[in-house]
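In listed order, ligands and their atoms are each counted from 1.
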Amino acid sequence: MEKQSWAEPYKIKMVEPVFETTREQRQKAIKESGYNTFLLKSEDVYIDLLTDSGTSAMSDRQWAGMMLGDEAYAGSRNFFNLEDAIREFYGYRFVVPTHQGRGAEHILSQLLIDDGDIVPGNMYFTTTRLHQELAGGKFADIIVDEAHDPKITFPFKGNVDLTKLEKLIAEHGAEKIPYVCIATTVNMAGGQPISMKNLKELRELTNKHGIKIIHDMTRVAENAFMIQQLEAGYSDRSVKEIVKEICSYTDGATMSAKKDAMVNIGGFLAVNDEQLFDDARNLVVIYEGLHTYGGLAGRDMEAMAIGIAESVQDKHIAARVGQVQYLGRKLLDAGIPIVLPIGTHGVFIDAKQFLPHIPQEEFPAQQLAAEIYLEAGVRSMERGVVSAGRDQVTGKNHMPELELVRLTIPRRVYTQAHMDVIAEAVIRVYKRREEVQGLKMTYEPKYLRFFQARFQPIAPEPNDTTHENDETFASCTVGGADSGVGQL
Ligand code: PLI
């Protein structure tokens with residue numbers, strides 16, 4: 001059959017220049033940033049794959065919507081447009097806007113979790129788990145075992161292992177489980193989807209025990225696309241229909257609209273239970289703002305409402321995921337170890353296989369992200385032992401099976417040529433991988449340490465004077481003065 005290529009369903013109307021730097025400039029920048037790509041200045045970055053969060057390109061419709069912002073303190077018309085969009089595309093009854101996803105996680109966790117509760121989920125997410133823990137809960141991982149092995153090609157690695165959940169219920173009792181937290185597109189597993197079949201089975205099981213399902217719907221459209229592509233019975237259903245069906249099996253959702261919905265800021269909590277809604281809209285005024293703006297400008301809510309509608313268009317999502325798959329296949333063809341199957345929002349490099357000579361205690365993924373930056377100015381993110389943090393009770397480092405570097409693709413921002421440049425840079429690092437050495441942590445913040453932690457090479461190169469500034473950080477106690485308990 002003749003080859004038929006696909007192309008993006010848009011043309012580009014406005015561009016922003018990007019600038020390349022020299023290797024010397026990047027060397028200085030990464031050292032000054034304590035080998036943490038979060039601490040780089042964006043102007044020192046050529047291609048920014050740190051995250052797909054808040055970094056997407058808005059459409060002309062979204063920008064036009066920004067001009068229709070009704071910046072009233074209360075009852076802005078844009079809130080009602082957002083509420084309509086959430087009801088139409090997701091089917092949830094009640095909406096509380098928040099400044100971003102973690103704002104919604106905070107409110108939900110405070111309302112539903114009591115001290116000593118267990119919150120099962122299909123793998124942890126950093127901010128989600130922290131809010132659950134700060135509310136007195138304990139996260140329990142109930143994702144299928146396949147999700148922890150980057151080499152297994154099982155298509156629905158986001159699935160819940162129902163036996164693991166049944167065990168938890170038997171052990172703790174359903175009354176200790178306020179809800180099961182289900183992410184569609186499991187970020188930390190490498191952008192892996194959950195199947196509709198699994199979600200339906202989970203609904204049946206939780207119904208039996210009177211347990212809620214809360215949906216982390218940050219990348220639900222991408223998950224729906226994978227269901228359309230891979231799950232029996234869904235190939236002739238639209239992404240829009242599949243998204244709504246997913247939501248119908250859940251009781252409420254937290255959303256970071258900075259991803260699927262392609263806004264630079266925004267999120268919400270959506271629920272079906274009226275009492276929970278009442279409680280949430282009361283709590284939101286303490287932390288975010290009035291319940292009709294939740295920390296957002298009217299224009300932000302308008303752009304979000306429009307972005308939600310755009311996010312479920314089949315052609316958009318096929319191109320979005322198609323670009324990620326293009327990069328993934330390029331890396332696979334070159335023999336680069338990446339998480340399989342290729343994810344939907346980014347390509348996740350397996351740092352354990354890429355740098356087998358660096359033990360996990362020496363932060364191979366952190367160092368690999370730094371090396372990729374050094375090579376070509378491409379910024380990525382560690383998703384391994386640094387992101388996993390410490391056990392809240394024992395203070396010991398979580399040691400996740402997955403030690404990954406995430407090349408996250410913002411939506412509608414970069415071209416196929418950028419993907420080629422990125423792949424070539426990673427391949428060059430792979431060729432010299434044996435020279436790459438481990439890191440030691442010199443500064444560790446108490447919460448979500450991956451954002452601000454600092455590192456130094458274990459063995460600085462001779463004549464290297466650029467560590468002089470690191471003295472300040474070296475004097476900070478790694479793990480905190482009371483290293484252990486309370487360290488996340
Ligand atoms: O960054 P927020 O607060 O808007 O959203 C938090 C959040 C919740 N759930 C999931 C699955 C996320 O991916 C998420 C944020 N993710 C970021 C920032 C990322 O780079 O993946």
Could you tell me whether the side chains of Gln192 and Thr185 share a donor-acceptor contact shorter than 3.5 Å?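 Not at all, the side chains of Gln192 and Thr185 share no donor-acceptor pair under 3.5 Å.
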Looking only at the side chains, is there a donor atom on one of Arg406 and Asn187 sitting less than 3.5 Å from an acceptor on the other?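 Yes.
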Just grab all the salt bridge (charged side-chain N to carboxylate O under 4.0 Å, His left out) pairs involving residues 110-121, residues at least two apart or on different chains.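 Pairs touching residues 110-121 that pass the test: none.
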What protein heavy atom lies closest to [atom]? Include the residue and the distance to one decimal.
| atom | value |
| --- | --- |
| atom 18 (C) of ligand 1 | Lys259 NZ, 3.6 Å |
| atom 6 (C) of ligand 1 | Thr127 OG1, 3.5 Å |
| atom 4 (O) of ligand 1 | Ser256 OG, 2.6 Å |
| atom 11 (C) of ligand 1 | Asp216 OD2, 3.3 Å |
| atom 7 (C) of ligand 1 | Phe125 CE2, 3.4 Å |
| atom 2 (P) of ligand 1 | Gln100 NE2, 3.3 Å |

Numbered atoms and elements of ligand 1 in range of [X], under 4.0 angstrom, heavy atoms:
| X | answer |
| --- | --- |
| Arg102 | 1 (O), 2 (P), 3 (O), 5 (O) |
| Gly101 | 2 (P), 3 (O), 4 (O), 5 (O) |
| Met381 | 20 (O) |
| Ser53 | 18 (C) |
| Thr51 | 19 (C), 20 (O) |
| Lys258 | 4 (O) |

With the threshold set at 4.0 Å, does a side-chain nitrogen-carboxylate oxygen contact exist between [X] and [Y]?
| X | Y | answer |
| --- | --- | --- |
| Glu310 | Lys315 | no |
| Asp314 | Arg237 | no |
| Asp52 | Arg320 | yes |
| Asp420 | Lys330 | yes |
| Arg449 | Glu444 | yes |

Option with minimal heavy-atom separation from atom 8 (C) of ligand 1, where the choices are Met123, Arg406, Glu105: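 Closest candidate by heavy-atom distance is Glu105.
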Over-ring placement of Arg129 relative to Tyr124, 6.0 Å and 45° cut-offs: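 Yes, Arg129 and Tyr124 form such a contact.
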